[in-house]
Amino acid sequence: MSFIIPTFEQIRAALLRDVKNLLPDAATTTDSDAYVRASSVASAVEGLYQHQAWMARQILPDTADTAYLELHASLRGITRKAATTATGTLSVTGTAGAEVPASTLVRHVATGVTFATTAAVTLNEGGTATIACAAASAGAMSDYADEPVLFVTAPTGVQAEARLTLTGGTDAETDAELLARLLDYMRNPPGGGNRYDYRRWAMEVPGITGAWVYPLRRGIGTVDVAVLSAGGLPSAELVAAAQASIDAKRPVACKDALVLPPAPLPVDVQVRVRLSGVLLATLAAQVQAALAAYFLTLEPGGLVVRSRIAAIISGLPGVADCEVAAPAANVQAVVDAARIEWPRLGAVTVEAM
């Protein structure tokens, strides 16, 4: 059985009991010298007990504090993954021949978030150019698709407004994520290139948040690894980094290891509902959010269960009845030699019965 740590009051009571056993006539009331001394000693002893309890928690990684969790991980060659920076492109217009230097800053109109160009470019004869850019600081952020931005200081001959398309970016690995990788290592120890090794090698790359391994997908001697970043498709740079990580560690007997992003498989959902006490527009937004959460749980090669969609919508407040018109049946994402499909939520249509 586990050791029960006594409370401060229990420790003090034990000390006073011992005083009474040794000196039956001794005063032990709250205003006595023995009571004051017992309280002082009990306070110190309670601190020692708590320190011992803290030390015991550091023995196992799943109860250890941050510093000791990192120590457990480092003993196995695992380190916390750093934050990564979102990257994309900036579309600019202006006078032909105008130059945009590297490290030129732009600011998102709606949020004020700052981005910087990562290369210099000269506008073409049509007065346009596309420049590689990145967020000014590392960390997770929303994807931008043709969003308006303004130059902090527009270069000569370049219009102040530009359009930004940007994806990626992840926060530094949390304690829970680091612990998950450590426990995966402990439960599936290195095996000379088994499927768990390939997943671990991919997950070591900062920015990679999901990896699935498909041995022999393209024939004998092949191993394919599908990777994701921040719940979405990874950038080409992340795929290349994961490929390099695996190539440096894979066994020589593996003639072909390929890292690739999965192919999104959009699944449109059309549903008819009978409502009670809720507006259709309000419910439509709730359906969109609930289905988006469900699709986040699906892995590459996963199965979209039609009855699960019906259950999710039926469970929303105000839905008296629902009928799923699309998909007409379960949707199985295909994994074969040509593709690795990943179910994604497509267009959502909510109509009243």
Side-chain angles (χ1 to χ4, degrees), residues 73 76-79 81 84 167-168 170 173 176-268 294-309 327-346:
R76 296 164 175 85
I78 300 172
T79 57
K81 293 192 289 187
T84 60
T167 59
T170 57
E173 193 172 34
E177 292 166 338
L178 177 60
L179 175 61
R181 286 204 297 131
L182 175 57
L183 293 179
D184 180 66
Y185 180 98
M186 298 172 68
R187 292 164 180 166
N188 305 291
N194 61 28
R195 66 187 305 155
Y196 301 107
D197 288 337
Y198 282 87
R199 181 181 185 278
R200 182 163 50 251
W201 295 334
M203 291 293 291
E204 289 173 352
V205 177
I208 298 296
T209 58
W212 292 265
V213 181
Y214 303 95
L216 311 179
R217 186 177 75 97
R218 292 172 294 118
I220 295 176
T222 67
V223 178
D224 296 339
V225 184
V227 294
L228 298 176
S229 175
L233 296 178
S235 65
E237 292 79 9
L238 273 180
V239 172
Q243 182 74 63
S245 174
I246 289 176
D247 285 343
K249 300 169 184 174
R250 63 183 172 88
V252 294
C254 176
K255 68 178 183 180
D256 188 1
L258 176 65
V259 179
L260 72 166
L265 175 64
V267 178
D268 295 337
Y294 167 60
F295 273 79
L296 284 176
T297 66
L298 300 177
E299 301 176 353
L303 175 67
V304 180
V305 181
R306 183 173 181 270
S307 61
R308 178 62 179 155
I309 293 176
N330 293 346
V331 179
Q332 176 65 65
V334 175
V335 176
D336 58 21
R339 56 189 167 169
I340 300 176
E341 293 182 338
W342 181 32
R344 296 288 80 201
L345 181 61

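Scanning both residues, P262 and V227, for their nearest heavy atoms gives CD-O, 3.4 Å. Nearest heavy-atom pair across V205 and S245 is CG2-CB, 3.8 Å. Residues V267 and V304 share a closest heavy-atom pair of CG2-CG2, 4.2 Å. A pairwise comparison of heavy atoms in D247 and A257 identifies OD1-O, 4.1 Å as the closest pair. Nearest heavy-atom pair across Y294 and L303 is OH-O, 3.9 Å. N194 and P189 get closest at one heavy-atom pair: ND2-O, 4.1 Å.
Listed by chain and residue number, P264, F295, L296, W342 satisfy the side chain to side chain contact (heavy atoms under 4.5 Å, CB included) test with R344 (two or more places apart in sequence, or in another chain). In terms of the side chain to side chain contact (heavy atoms under 4.5 Å, CB included) criterion, residue partners of E177 (sequence neighbours excluded) are, by chain and number, E173, T174. Every residue meeting the side-chain hydrogen bond (donor to acceptor under 3.5 Å, both in side chains) condition with K249, not counting sequence neighbours, appears here in chain and number order: E204.
Judged by distance alone, with hydrogens and angles left aside, the side-chain atoms of R200 form a donor-acceptor pair with the main-chain N or O of N188 at under 3.5 Å. The backbone N or O of I208 sits less than 3.5 Å from a side-chain atom of K81, completing a donor-acceptor pair. Proximity of a side-chain donor or acceptor of E341 to a complementary backbone N or O of A333 within less than 3.5 Å is not detected. Looking at R217, its side chain does come within 3.5 Å of a backbone N or O of D336 through a donor-acceptor pair. T84 places a side-chain N or O within 3.5 Å of a backbone atom of T170 that can act as its donor or acceptor partner. No donor-acceptor pair closer than 3.5 Å links the side chain of N330 to the backbone N or O of V305. In this structure, D256 contributes its side chain and G221 its backbone to no donor-acceptor pair below 3.5 Å.
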Margin query: Could you go through L258 and T222, starting from their C-alpha distance and side-chain angles, then the distance that decides it, and tell me whether this counts as side chain to side chain contact (heavy atoms under 4.5 Å, CB included)?
Written below: CA-CA 8 Å; L258 176 65; T222 67; over 6 Å; no
Margin query: If you apply the rule side chain to side chain contact (heavy atoms under 4.5 Å, CB included), what do you find for D224 with Y198, and how did you get there?
Written below: CA-CA 9 Å; D224 296 339; Y198 282 87; over 6 Å; no
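Annotation: the span from L345 atom CG to L265 atom CG amounts to 11.5 Å, rounded to 0.5 Å. Remark: M203 CE to I78 CD1 distance equals 11.0 Å, nearest 0.5 Å. Interatomic distance, CG of D197 versus SG of C254, reported as 11.5 Å (0.5 Å rounding).
Here the side chains of L238 and P206 are not in contact, with every heavy-atom distance at 4.5 Å or above. Residues S229 and T167 form no side-chain contact, since every pair of their non-hydrogen atoms from C-beta on lies 4.5 Å or further apart. Counting heavy atoms from C-beta outward, R250 and V223 have side chains that stay 4.5 Å or more apart.
Between D184 and R181 no salt bridge is recorded (no basic side-chain N to carboxylate O distance below 4.0 Å).
In the displayed structure, R308 atom CZ is contacted under 6.0 Å by at most 12 heavy atoms of other residues, nucleotides or ligands. Remark: Y196 OH is loosely packed, at most 12 non-hydrogen atoms of other residues, nucleotides or ligands lying under 6.0 Å away.
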